[in-house]
Protein chains: 2
Amino acid sequence: MTTALKRIEREPLWDLAHAQLRDALLAGRFEPGTVLTLRSLAESFGTSITPVRDAVTRLVAQGVLQQGPRNSAIVPNLSRKELADLTVVRCALEGRAAREAALQRHDDATLRRLEERLATMQSLIQARKLESYLEHHRKFHFGIYAMSGIPLMVETIENMWLRCGPVLSFVIPEYVVLLKGWDHHTAALKAIMAGDADGAEREIVADISEAAHYLAGLADSTGQLKRPSG
Amino acid sequence: MTTALKRIEREPLWDLAHAQLRDALLAGRFEPGTVLTLRSLAESFGTSITPVRDAVTRLVAQGVLQQGPRNSAIVPNLSRKELADLTVVRCALEGRAAREAALQRHDDATLRRLEERLATMQSLIQARKLESYLEHHRKFHFGIYAMSGIPLMVETIENMWLRCGPVLSFVIPEYVVLLKGWDHHTAALKAIMAGDADGAEREIVADISEAAHYLAGLADSTGQLKRPSG
DNA sequence: CCATGTTGTTTGTTATAACAAACAACAAAA
DNA sequence: TTTTGTTGTTTGTTATAACAAACAACATGG
């Protein structure tokens with residue numbers, strides 16, 4: 001039976017605020033180092049401070065926002081060391097997820113969808129549509145991780161991506177255009193389809209490591225990552 | 001210069017509530033499946049609902065508490081599948097942490113402290129002081145993970161431990177007394193001291209896997225983990 | 001006896017106000 | 001000029017009240 005009536009769901013305001021902040025962080029729309037004040041956020045959302053307080057509390061608990069002095073929430077500015085740490089954790093997690101994905105059977109529809117997305121990504125790069133490329137790039141990675149069949153894994157990896165969200169936008173202009181990581185993506189997918197667990201893990205780890213190595217080059221003398229001025 | 005005066009810091013009420021709930025969860029003082037209502041928690045803490053709301057929001061954001069219908073917070077009851085997922089993630093994370101720990105040099109004081117703790121754990125088992133054994137067991141594991149030099153790793157692993165906190169108490173009566181996992185602990189520490197990365201990872205993974213295998217045997221026909229009646 | 005409608009209670013959500021700590025600007029004294 | 005004290009503003013914290021949805025108990029009608 002099909003539901004004739006649409007399900008009633010009144011999403012709480014703090015949930016909407018949380019999602020909006022989350023997307024803004026992931027897209028790099030907040031300059032690293034910015035302090036987010038409850039009242040200004042409340043004003044921009046058109047609500048009282050109570051819902052935005054819940055949202056910010058949640059973000060801080062997830063480690064997405066750093067808590068500065070006086071429990072203020074600031075969008076994190078990654079140092080070279082923090083980026084290296086993030087890379088180690090991401091490699092362990094995402095490498096393992098790719099391995100688990102390779103160990104399981106998948107229906108053709110799922111695999112074909114990923115192949116199509118890969119093709120889309122290539123054309124988006126050549127068309128220099130960088131912002132929508134990043135969206136597909138993200139969905140490609142998480143499409144693989146979802147194939148592990150471990151929701152907790154996906155959730156944890158998502159948390160790591162959120163943490164490097166603000167600096168992730170730094171990578172757009174130069175790195176992506178050079179098709180860096182392109183071969184790793186195709187090789188990883190091919191390995192998963194072939195059931196090659198070692199290969200899948202190796203390619204994903206290589207993809208992450210190389211991107212991190214590129215990003216590390218953007219650090220200044222103090223170790224802080226900076227957006228390339230070009 | 002040494003600070004002559006102690007730093008002034010008035011911890012927020014919701015931080016205290018968060019810590020108390022966190023410890024109670026980790027110690028298994030809440031029966032899995034219990035729904036935590038804001039007003040009852042507020043009454044037991046002697047505060048208004050605002051601080052406890054912040055604390056609960058944080059716990060839910062961390063995945064420590066599950067959110068049931070009507071955004072209510074319930075202490076999670078792990079299924080066999082969720083335990084298996086948790087085990088995969090923990091092995092990837094904690095195995096890698098042990099590996100990183102083995103790759104670095106450590107001062108003798110740190111290593112000796114861990115050896116002493118290991119001895120303490122053994123005597124606590126033989127004296128059947130199970131609850132304080134678990135405390136030392138936890139500190140031993142995290143002592144190793146801290147030696148990786150990666151705070152993010154420690155933080156993420158801590159999150160995973162929190163998630164299996166409620167059922168972790170199930171393991172106390174029988175498993176620990178049998179000295180299961182004892183050899184893995186000593187072997188892991190020895191491997192780290194010898195700089196044997198492969199061995200360190202292997203032993204930690206074995207420790208986690210065997211405990212998980214034991215726990216999985218406690219699942220009922222529906223897949224829910226139950227406290228042994230004995 | 002069962003189904004249905006009503007009502008009261010419980011519970012999360014949101015807004016608002018009062019509060020305290022921190023910070024910035026400015027003024028006054030050395 | 002520099003330092004110090006004051007003041008006003010900003011900002012997170014907490015309590016409280018009003019609100020709405022969900023649930024349970026009970027009553028009512030078939």
Side-chain angles (χ1 to χ4, degrees), chain A residues 3 5-22 24-25 30-77, chain B residues 1 3-22 24-25 30-77:
Chain A
T3 62
L5 266 26
K6 204 170 77 171
R7 182 194 173 82
I8 298 177
E9 49 185 38
R10 212 178 39 105
E11 201 142 0
L13 291 181
W14 63 268
D15 218 333
L16 299 176
H18 173 76
Q20 284 198 35
L21 285 174
R22 187 175 164 283
L25 262 322
F30 281 122
E31 196 63 22
T34 308
V35 295
L36 301 176
T37 67
L38 298 182
R39 284 177 173 84
S40 63
L41 287 177
E43 189 179 15
S44 67
F45 282 134
T47 69
S48 84
I49 68 174
T50 312
V52 305
R53 180 179 169 78
D54 285 346
V56 169
T57 298
R58 228 201 222 197
L59 263 344
V60 172
Q62 290 177 314
V64 178
L65 289 178
Q66 255 177 338
Q67 66 174 21
R70 179 38 189 350
N71 274 351
S72 62
I74 68 183
V75 7
N77 200 355
Chain B
M1 130 197 167
T3 62
L5 266 28
K6 204 170 77 170
R7 184 197 171 83
I8 297 177
E9 48 185 38
R10 212 173 46 99
E11 201 143 358
L13 290 182
W14 64 270
D15 220 331
L16 299 176
H18 173 76
Q20 283 198 36
L21 285 174
R22 187 176 163 282
L25 262 321
F30 282 120
E31 196 64 21
T34 308
V35 294
L36 301 176
T37 67
L38 298 183
R39 285 178 173 83
S40 63
L41 287 177
E43 188 180 14
S44 65
F45 282 133
T47 69
S48 84
I49 68 173
T50 313
V52 304
R53 180 178 171 78
D54 285 346
V56 170
T57 298
R58 221 163 113 167
L59 263 344
V60 172
Q62 289 177 315
V64 178
L65 290 178
Q66 252 178 339
Q67 66 174 21
R70 182 36 188 43
N71 275 350
S72 63
I74 68 183
V75 7
N77 199 356

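The structure displayed is predicted, hence computed values, not measured ones. Residue numbering restarts at 1 for every chain, and letters A, B, ... go by the order of the sequence lines.
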I need the [atom1]-[atom2] distance between [X] and [N], as an integer number of Å.
{"X": "A:L36", "N": "D:dT10", "atom1": "CG", "atom2": "P", "result": "18 Å"}
{"X": "A:R70", "N": "D:dT13", "atom1": "CZ", "atom2": "P", "result": "6 Å"}
{"X": "B:H18", "N": "D:dT13", "atom1": "NE2", "atom2": "P", "result": "14 Å"}
{"X": "B:I49", "N": "C:dA15", "atom1": "CD1", "atom2": "C1'", "result": "12 Å"}
{"X": "B:N71", "N": "D:dA20", "atom1": "CG", "atom2": "C1'", "result": "14 Å"}
{"X": "B:F45", "N": "D:dT14", "atom1": "CZ", "atom2": "P", "result": "13 Å"}
{"X": "A:E43", "N": "C:dA15", "atom1": "CD", "atom2": "P", "result": "14 Å"}
{"X": "B:E11", "N": "C:dA20", "atom1": "CD", "atom2": "C1'", "result": "17 Å"}

Beyond-backbone contact of [X] with [Y], side-chain heavy atoms, under 4.5 angstrom:
{"X": "B:V52", "Y": "B:E43", "value": "no"}
{"X": "A:V75", "Y": "A:V64", "value": "no"}
{"X": "B:T57", "Y": "A:R53", "value": "no"}
{"X": "A:L65", "Y": "A:F30", "value": "no"}
{"X": "A:L36", "Y": "A:V56", "value": "no"}

Report task. Can you sort out the partners of A:Q66 under side chain to side chain contact (heavy atoms under 4.5 Å, CB included), two or more places apart, ordered by chain and number? Result ->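 If we apply the side chain to side chain contact (heavy atoms under 4.5 Å, CB included) test to A:Q66, skipping adjacent residues, the hits are A:I74, A:P76, A:E82.
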
Query - Touch class at under 4.0 angstrom, heavy-atom based, for B:T50 against every strand present - result: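 Result for B:T50 = base.
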
Report task. Give A:L41 one of three labels, base, sugar-phosphate or nothing, depending on what nucleic acid heavy atoms sit under 4.0 Å from its own. Result ->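 No contact.
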
Report task. Counting heavy atoms from C-beta on, name the nucleotide in C:dT14, D:dA18, D:dT14 closest to the side chain of B:P51. Result ->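 Per side-chain heavy atoms of B:P51, the pick is D:dT14.
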
Requested in this report: Just compare D:dA18, C:dT14, D:dT13 and give me whichever is closest to any side-chain atom of A:L38.
Outcome: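 So the side chain of A:L38 is nearest to D:dT13.
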
**Report entry** Contact nearer the 5' end of DNA chain C, comparing B:A73 with A:T47
**Finding:**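 Nearest-nucleotide comparison on DNA chain C picks B:A73.
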
Query raised in the report: Closer than 4.0 Å, any side-chain N/O of B:R39 to the OP1 or OP2 of C:dT10?
Result: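 Indeed not, no polar side-chain atom of B:R39 lies that close.
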
Query - Residue pair B:Q62 / A:A61: nearest heavy atoms and the distance that separates them - result: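 Minimum heavy-atom contact is CG-O, 3.8 Å.
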
Query raised in the report: Which residues, if any, of residues 54-66 of chain B bring a heavy atom under 4.0 Å of DNA chain C?
Result: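 Correct list: empty, so none.
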
